[in-house]
Each structure stands twice: as structure tokens, then as C-alpha cells.
Amino acid sequence: GIRTWTPIRNLNIPIHSITVENEAKFPQQAVEMVLQNPCDLIHLSKPRFPNVFIGLLYKLIWGARVIVDIDDEELAFLSAVEPISVDHYFSVDHYLQAHTGLPSLKDLTGKVWTQIGVGLATAFDGVTVVNQALQKRYGGTVVRHARDETQFAPSAERRQRVRAQLSIPESQKVVIFLGTPRAHKGLKETALAIAKLKRNDVCYMIVGDFPEPLQS
């Protein structure tokens, strides 16, 4: 939508935003935003192409240092296996030769533009990742997601109340997934592993909305 993402909406720091209603005009909007907001250091959240393009502009216009943060495998969201890189066989040059040009300026968060964005992610000044699996694939420095531990203080009373609400007896052990269930997050693999235990005292609970069907 047109509102700032909820977790940062009320921060006491300046927030500069653009609303992209016509993707063909995104490059012009991005240039104007970068010109109006000079920076020395940019930390891009996710290697999606719009972010990467803004990062490139900051380097070209202001000579900024740009670090790309990778907190998920973006290709998996779009059923892509490899990025379109600048220096590997599956490269931008090969794409241009096969398609006689870059994709049109639409669906900028879709498959091909995301492959290009991910392919450019390691071409900047640095990379941060959230876990060792992403570090193995993209390199960089691990900066784990921060959580306030006081928000998750154990409570025997709350545990009993929630189990009662969900009709989970005390004798059952609960394996829980909390987040956005997606095909690449190993939910089916976890279910199969639990099934192999052949135990009646284990409950597998998935908490979250399904944005896409999980194929059997």
C-alpha cells in the first residue's frame, strides 16, 4: 500500500519514501529521491532489483558505500534456482544475447528482475546475512535478527492457558513453526520427519497465514 511499514512507521528518524504507481517511471522517481537525499553509507534491505538500482544510483551520484543485506533466499520465493550474474555463465551478457535486451520495466519484484538483483548483490562494498546458510552462498558478515528477550519471558501460567485454548494436553510435545509458511522453509520435510517418529505424543503446529499453497 501507500503507508510506511508498521515496525518503522513511528520511529523518531526521518523517513523519505516514494510511491511507485507506474513501474515504467520508477527509474526517474529513484533518481529524484537519491538526488534529494545524499548519503555516505547505504544499507540495502533485500537484494530485490528496485533496492539494487537505488544502491547503484547512490554509488554513481554520491560515491556512497553500499552494503546489501540478505535476510532470505529471494530466488526461492519466485521458483528461481540461479541469479543472473555479472560474472558467471548465467550472466547478464548471456541474457541480453538471448533476449536482445533487458526485460521491460514492469514486474520489478518478479522473477527475472529479482534474478538480476540477486546477481548484483555481491557487486557492492559488502554483504550482511542473517545466518550461516546464506553466508555460505553469498559470503559476507552474519548480522542476526535482533529480538527483545524480555518479550519472550517463559510463563507457566500462559503456557497452560494457551494449551487449554488449543486443546493440547500436557502430555503432548509441541513442535511449532511461527512465521510465514512458504514452500522453501522446510515445513513438509519437518512433517515427514515427525511422522517417521511414529509417536502419538508429538503435535506439529504451524502458526501463520499461507500466502501460497504448499503442494503435496
Applying ring-ring contact (aromatic ring centres under 6.0 Å, His included), which residue pairs with at least one partner in residues 110-136 are found, sequence neighbours left out? F49-W113
Close side-chain approach of P47 to V118, heavy-atom, < 4.5 Å: yes
With sequence neighbours excluded, residues passing side-chain hydrogen bond (donor to acceptor under 3.5 Å, both in side chains) with S155: none
Please enumerate all residues that pass side-chain hydrogen bond (donor to acceptor under 3.5 Å, both in side chains) together with Q132, with sequence neighbours excluded. none
ring-ring contact (aromatic ring centres under 6.0 Å, His included) partners of residues 19-40, not counting sequence neighbours, each pair once: F26-F53
Starting from M205, walk the hydrophobic network (Ile, Leu, Val, Met, Phe, Trp, Tyr; side-chain heavy atoms closer than 4.5 Å) and list everyone else you reach, by chain and number. V162, L166, I168, V174, I176, L178, V207
Kindly state each residue pair satisfying salt bridge (Lys or Arg N to Asp or Glu O under 4.0 Å) with at least one member in residues 5-23, sequence neighbours excluded. none
Connected to L60, directly or through other members, by ILVMFWY side-chain contacts below 4.5 Å are none
Would you kindly say whether D69 and T128 are connected by a side-chain donor-acceptor distance under 3.5 Å? yes
What residues, two or more places apart in sequence or in another chain, satisfy side chain to side chain contact (heavy atoms under 4.5 Å, CB included) together with P38? W62
Not counting sequence neighbours, list each pair that qualifies as a salt bridge (Lys or Arg N to Asp or Glu O under 4.0 Å) and has a residue in residues 166-180. R159-E170
Using the salt bridge (Lys or Arg N to Asp or Glu O under 4.0 Å) rule, collect all pairs that involve residues 43-52, keeping only residues at least two apart or in two chains. K46-D71, K46-E74, R48-E74
So, using side chain to side chain contact (heavy atoms under 4.5 Å, CB included) as the criterion, who are the partners of R137 when residues are at least two apart? E73, L75, E82, P83
Only pairs at least two apart or in different chains count here, so list each ring-ring contact (aromatic ring centres under 6.0 Å, His included) that has a residue in residues 131-156. none
